[in-house]
Q: 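Take a look at the following structure, please.
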Amino acid sequence: HQIPGYVPASLSGHRAAVKAVFFDAADRTLYAVDRGGAVSVWELRERPDADQEAAAATAAELEAAGEAGRGEDRLGQWWELRERHYLDKGHARVTSAVMHAPSRLLVVGFSSGVFALYEMPSCNEIHTLSVSDGRIDATAVSPGGEWLAFGCAQLGQLLVWEWQAESYVLKQQGHFFAEIHCLAYSPGGAIIATGGGDSKVKLWSPASGFCFVTFGEHTAPVVDLAFVPHGRALVSASLDGTVRAFDLLRYRNFQTLVTPTPVQFGCVAVDPSGEIVCAGSRDTYNVYVWNLQTAHLLETLSGHESPVSCLAFGASGGGGSCVLASGSWDKTVRLWDFVSSSSSIEVLQHGADVLAVAFSPDGSAIASGGYDRTVRLWDTDTGSHFHTLLGHSDDVLSLAFSADGALLASGSGDRTLRVWDVPTRAPPPPPPSPPPLPPWLPSHIFKPPPPPPESPAALCRDEVEDCQPAICVVFHEFGVRHCKATCGHCTELGLPGEDELGLEVYGDSDFEYGAS
């Protein structure tokens, strides 16, 4: 050792893993807590076999050399076991411990969710409480010793307890034993709502990061959430076959929407007026429509052939009525105007299972994403596909347009979020021009088509004398419009059909029929 005559201490005697070790305020008492509940108290005392004069001389030399404070005052001393206590809380294991040295208070958390407060060194129990159903993984004490904090990783809990007043200062719990299936921001951004596999809906404050309300009415995992546009209510869909509406002013479940037969819901959406709620099912492949105020089932929209995975409301491109878009695993997106008709007004063929849909703010475009790792853009009015965004390496799971509609964000299973410039829709291409005439076809026999007649039958009778059957057949053979395509003149003359007619070309202007 760097200090002559110093021998590091090795303290033993515990039969289980040591969970925590603490010094008292004077650094002359050591407390050790093991997993089995044994608490050892060690005190620093003079060794009977040590040369105290040599130890004092070494300490004086270090102080004279300016190297004092390196532990020279511990020369000639050792740690001696003073006493050992055993903590028994129903044979529960010690999972965490912390000590407040100024007040000599030892706080111990157990695997049963119970914590106990002890006064050291006598280890007198002065307070105990069960704060969780899972083990207490972390424990802390405030500098003044009034507040005790406990963390439970298994249940996602954070608790702050004022032990003298016996009251909670803070209680926080996340979605334990389950994934977070859905998340939604309130219209004003002041609240974040989450739903998880623990059947709970939680409201969080983005400013503080704390959960301030938990709704536990669902009995199965919550799979989708949607805020009502005015922001005073939240709608949740669950696999328990219910869609529930929660009042965000009184924090209560004020409406429960159900179907005539039990179904499992996979998505939910609220129309811009806040009066209509739609939910898509996973087992019946239908979209159900309710009135939020009366909870009356208004309509059942059928047409999909696989589970409905996503819903979105948007205005039609012309600024007309509200349109509902539903995406499904049947590789289609259906647009519904259920106010005027219960049938879909447009079916968009995505080409792969659809997992996300979103309308542009003006309602002129709709985006769809799915298992094919692409984002496809569609014109809402015409239902035509005008662009495909490529770049993701896994399923596209979520889509959102910016407020001005110029940007589109897409989230994917490849753990990336991509932001795209929304492309403008190009004008439709002009119709293809007719194929050119063969170079050897005499130009003097081509006549421009006559103006559209009032009566095709009259045209046939008027132009019988001018008809040249051979020329008509030649034109038809090479795709040039002629009287047969317009009015069936050649058919009235009794000419053979195309499959019965062969044509031999002998010169620039000589055409004859030949056997095929």
Side-chain angles (χ1 to χ4, degrees), residues 181-184 193 195 197 199 201 218 220-228 234-245 255-272 274-292 295-314 322-339 341-350 352-359 366-371 376 378 380 395-400 411:
H181 291 162
C182 48
L183 181 147
S199 310
V201 176
H218 283 295
V222 179
V223 294
D224 201 11
L225 296 168
F227 277 92
V228 177
L234 172 70
V235 178
S236 63
S238 171
L239 296 180
D240 62 5
T242 64
V243 174
R244 296 180 179 269
Q255 205 67 276
T256 300
L257 312 178
V258 295
T259 56
T261 57
V263 298
Q264 287 188 325
F265 293 114
C267 51
V268 69
V270 183
D271 81 321
E275 298 178 357
I276 302 297
V277 176
C278 296
S281 88
R282 293 185 174 183
D283 42 12
T284 62
Y285 313 153
N286 294 331
V287 178
Y288 298 91
V289 184
W290 295 273
N291 182 293
L292 181 58
H296 178 63
L297 181 63
L298 303 177
E299 192 70 60
T300 299
L301 308 178
S302 59
H304 283 295
E305 299 175 355
S306 291
V308 180
S309 57
C310 49
L311 295 173
F313 274 101
C322 186
V323 176
L324 172 69
S326 60
S328 170
W329 293 0
D330 63 6
K331 306 179 182 180
T332 66
V333 176
R334 290 180 178 263
L335 304 182
W336 313 81
D337 184 3
F338 55 83
V339 175
S341 174
S342 61
S343 62
S344 59
I345 59 176
E346 199 72 54
V347 180
L348 312 180
Q349 299 291 338
H350 184 91
D353 295 5
V354 180
L355 302 177
V357 292
F359 276 95
I366 184 172
S368 62
Y371 278 153
R376 298 177 184 266
W378 312 79
T380 307
D395 308 336
V396 178
L397 304 175
S398 58
L399 296 169

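Numbers for residues simply follow the sequence, beginning at 1.
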Q: Quick one, Ser238 with Phe265, criterion side chain to side chain contact (heavy atoms under 4.5 Å, CB included). Give me CA distance, side-chain angles, the key distance, then yes/no.
A: CA-CA 6 Å; Ser238 171; Phe265 293 114; over 6 Å; no
Q: Considering all heavy atoms of both residues, which atom of Gln264 and which atom of Asp283 are nearest to each other, and what is their separation?
A: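 Closest pair (atom of Gln264, atom of Asp283, distance): N-OD2, 3.2 Å.
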Q: List the steps and the verdict of side chain to side chain contact (heavy atoms under 4.5 Å, CB included) for Val223 and Arg282.
A: CA-CA 11 Å; Val223 294; Arg282 293 185 174 183; 4.0 Å; yes
Q: Check Val333 against Ser368 and note the closest heavy-atom contact, atom names and distance.
A: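 So the two residues come closest at CG2-CB, 3.9 Å.
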Q: Let me confirm one number: the CG-CZ distance from Leu324 to Phe313, rounded to the nearest 0.5 Å.
A: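 The distance works out to 4.5 Å.
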Q: Check Val357 against Ala325 and note the closest heavy-atom contact, atom names and distance.
A: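 Closest pair (atom of Val357, atom of Ala325, distance): CG2-O, 4.1 Å.
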Q: Measure the shortest side-chain to side-chain distance between Ile366 and Leu348 over non-hydrogen atoms and say whether it is less than 4.5 angstrom.
A: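 Yes; the side chains approach each other to less than 4.5 Å.
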Q: For Ser328 and Pro307, which heavy atoms make the closest approach, and how far apart are they?
A: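 The answer is OG-O, 3.0 Å.
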Q: Taking the side chain as every heavy atom from C-beta outward, state whether Phe227 and Val235 have any pair of such atoms under 4.5 Å apart.
A: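 No. Closest side-chain heavy atoms not under 4.5 Å.
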Q: Residues two or more places apart in sequence or in another chain: which of them pass side chain to side chain donor-acceptor pair (under 3.5 Å) with Ser236?
A: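 Ser236: side chain to side chain donor-acceptor pair (under 3.5 Å) contacts with His218.
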Q: Heavy-atom distance under 4.5 Å between the side chains of Val277 and Val243, does that happen here?
A: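 A side-chain contact under 4.5 Å exists here.
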Q: Please report the interatomic distance OG1(Thr242) to CD(Gln255), rounded to the nearest 0.5 Å.
A: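 So the OG1 of Thr242 and the CD of Gln255 are separated by 12.0 Å.
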Q: Taking C-beta and beyond as the side chain, do Trp290 and Leu298 meet within less than 4.5 Å on heavy atoms?
A: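 No, every pair of side-chain atoms sits at 4.5 Å or beyond.
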Q: When rounded to the nearest 0.5 angstrom, what is the spacing between CG in Leu239 and NE2 in His181?
A: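 Interatomic distance, Leu239 CG to His181 NE2, rounded to 0.5 Å: 8.0 Å.
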Q: Under the side chain to side chain contact (heavy atoms under 4.5 Å, CB included) rule, collect the residues that match up with Gln349, sequence neighbours excluded.
A: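 Once residues adjacent in sequence are excluded, the partners of Gln349 under the side chain to side chain contact (heavy atoms under 4.5 Å, CB included) criterion are Thr332, Val347.
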Q: Dump the intermediate steps for side chain to side chain contact (heavy atoms under 4.5 Å, CB included) on Leu183 and Leu225, then the final yes or no.
A: CA-CA 7 Å; Leu183 181 147; Leu225 296 168; 6.0 Å; no
Q: Taking side chain to side chain contact (heavy atoms under 4.5 Å, CB included) as the definition, give me every residue that meets it alongside Ser309, ordered by chain and number, with sequence neighbours left out.
A: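 Applying side chain to side chain contact (heavy atoms under 4.5 Å, CB included) to Ser309 gives Trp329.
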Q: Could you give the distance from CG (Asn291) to CG (Leu297), rounded to the nearest 0.5 Å?
A: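 Reported to 0.5 Å precision, the distance equals 10.5 Å.
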Q: Strictly distance-based, threshold 3.5 Å: is any side-chain N or O of Arg334 a donor or acceptor partner for the main-chain N or O of Gly327?
A: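 Absent.
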Q: Rounded to the nearest 0.5 Å, what separates atom CG in Asp353 from atom CG in Asp395?
A: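 These two atoms lie 9.0 Å from each other.
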Q: Could you give the distance from CG (Leu301) to OH (Tyr288), rounded to the nearest 0.5 Å?
A: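 It is 10.0 Å, given to the nearest 0.5 Å.
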Q: Indicate yes or no for a side-chain donor-acceptor contact from Asp224 to the backbone of Cys267 under 3.5 Å, with no hydrogens or angles considered.
A: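 A pair under 3.5 Å: no.
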Q: Arg244 and Thr256: side-chain hydrogen bond (donor to acceptor under 3.5 Å, both in side chains), yes or no, with the steps?
A: CA-CA 5 Å; Arg244 296 180 179 269; Thr256 300; 3.2 Å; yes
Q: Look only at the side chain of Asp271 and the backbone of Ile276, and say whether a donor-acceptor pair between them is shorter than 3.5 Å.
A: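 Confirmed, Asp271 side chain pairs with Ile276 backbone.
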Q: Testing the basics here: between His350 and Trp378, what is the closest heavy-atom pair and its distance to 0.1 Å?
A: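 Looking at all heavy atoms of both residues, the shortest contact is CA-CZ2, 4.0 Å.
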Q: Could you pull out the closest heavy-atom pair between Ser306 and Tyr285, with the gap in Å?
A: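 Minimum heavy-atom separation between Ser306 and Tyr285: C-CD2, 3.3 Å.
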Q: The test is side chain to side chain contact (heavy atoms under 4.5 Å, CB included); show your working for Val287 and Leu311 and say whether it passes.
A: CA-CA 9 Å; Val287 178; Leu311 295 173; 4.2 Å; yes
